[in-house]
Amino acid sequence: MTEPERPGEPQPAPSPPAADVVQRTSMAAERTWLAWWRTALAATVGALGVGRLAPELLHVASWPYVILGAGYAGLAVGLLVMGARRQRELERAIDGSSPVPLSFHVVMLFTVGGVVLALTTIVLVIAQT
């Protein structure tokens, strides 16, 4: 038996229709995919800056910077591929109503890769001063 409504008491908000929830979740997955793309574009800019511009501006041997720039470009490619894969997983999860957490292995792979690239960049910058 439900209690009668009492005037003046706040009533719980009605839950949104299922279609609205699916649409909002799908849009959130799309925003996540776009975030993967933005990060990949930033890594691409980093690749260009480190691999092409830094040696010219610093007047140093280009090979270490080209290798490092290639590492940033590889990171960008990995982000684009993983972003597309993640988007597909999230869309399938929405259809199947099952959660799909991001794999810890993927998180560690990108974290270790980013740390290696950042530390290598630091070493190159310090070595050139």
Side-chain angles (χ1 to χ4, degrees):
M1 178 185 263
T2 61
E3 291 186 29
E5 291 185 23
R6 296 181 188 155
E9 283 189 17
Q11 300 300 316
S15 59
D20 183 48
V21 171
V22 169
Q23 181 181 11
R24 287 184 305 159
T25 304
S26 180
M27 291 170 67
E30 183 178 337
R31 285 190 301 273
T32 301
W33 174 70
L34 292 172
W36 284 91
W37 259 86
R38 282 190 302 272
T39 307
L41 288 174
T44 302
V45 169
L48 180 62
V50 169
R52 267 311 256 190
L53 300 176
E56 289 182 23
L57 293 173
L58 297 171
H59 306 290
V60 295
S62 64
W63 70 267
Y65 293 91
V66 169
I67 292 171
L68 183 59
Y72 281 106
L75 175 65
V77 169
L79 288 164
L80 289 169
V81 170
M82 191 58 216
R85 180 176 161 208
R86 186 74 180 143
Q87 173 67 15
R88 186 184 69 217
E89 289 174 352
L90 291 173
E91 286 299 325
R92 285 182 181 165
I94 291 169
D95 293 341
S97 299
S98 60
V100 184
L102 185 60
S103 164
F104 181 72
H105 292 98
V106 171
V107 172
M108 281 307 299
L109 178 69
F110 281 107
T111 301
V112 169
V115 167
V116 167
L117 289 171
L119 290 175
T120 305
T121 303
I122 291 168
V123 168
L124 281 176
V125 168
I126 291 172
Q128 301 306 319
T129 57

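None of the values given here were measured: they were computed from a predicted structure. One is the number of the first residue; the rest follow in order along the sequence.
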Only pairs under 3.5 Å count here: list side-chain donor-acceptor contacts from residues 49-56, not counting sequence neighbours, and write none if there are none.
none

Could you tabulate the donor-acceptor pairs under 3.5 Å formed by side-chain atoms of residues 27-43, not counting sequence neighbours?
from, atom 1, to, atom 2, distance (Å)
Thr32, OG1, Ala28, O, 3.0
Thr39, OG1, Ala35, O, 2.9

Are [X] and [Y] grouped together when hydrophobic residues (ILVMFWY) are joined by side-chain heavy atoms under 4.5 angstrom apart?
| X | Y | value |
| --- | --- | --- |
| Val125 | Val123 | no |
| Phe110 | Val81 | no |
| Leu90 | Leu79 | no |
| Ile122 | Val115 | yes |

- Item | Inter-residue atom distance Leu124.CG - Leu119.CG, 0.5 Å rounding | 11.5 Å
- Starting at CZ of Phe104, measure out to CG of Leu109 and round the result to the nearest 0.5 Å. 11.5 Å
- Note: Leu117 and Tyr72 closest approach over all heavy atoms is O-OH, 3.4 Å
- Closest contact, heavy atoms only, Thr120 versus Val116: OG1-O, 2.7 Å
- Task: For residues Arg86 and Glu89, determine if any side-chain heavy atom of one lies less than 4.5 Å from a side-chain heavy atom of the other.
- Result: yes
- Query: With side chains defined as the heavy atoms from C-beta onward, is the minimum distance between Arg92 and Val100 less than 4.5 Å?
  - Reply: no
- Note on the structure: Contacts of Val45 meeting side chain to side chain contact (heavy atoms under 4.5 Å, CB included) (sequence neighbours excluded), chain-then-number -> none
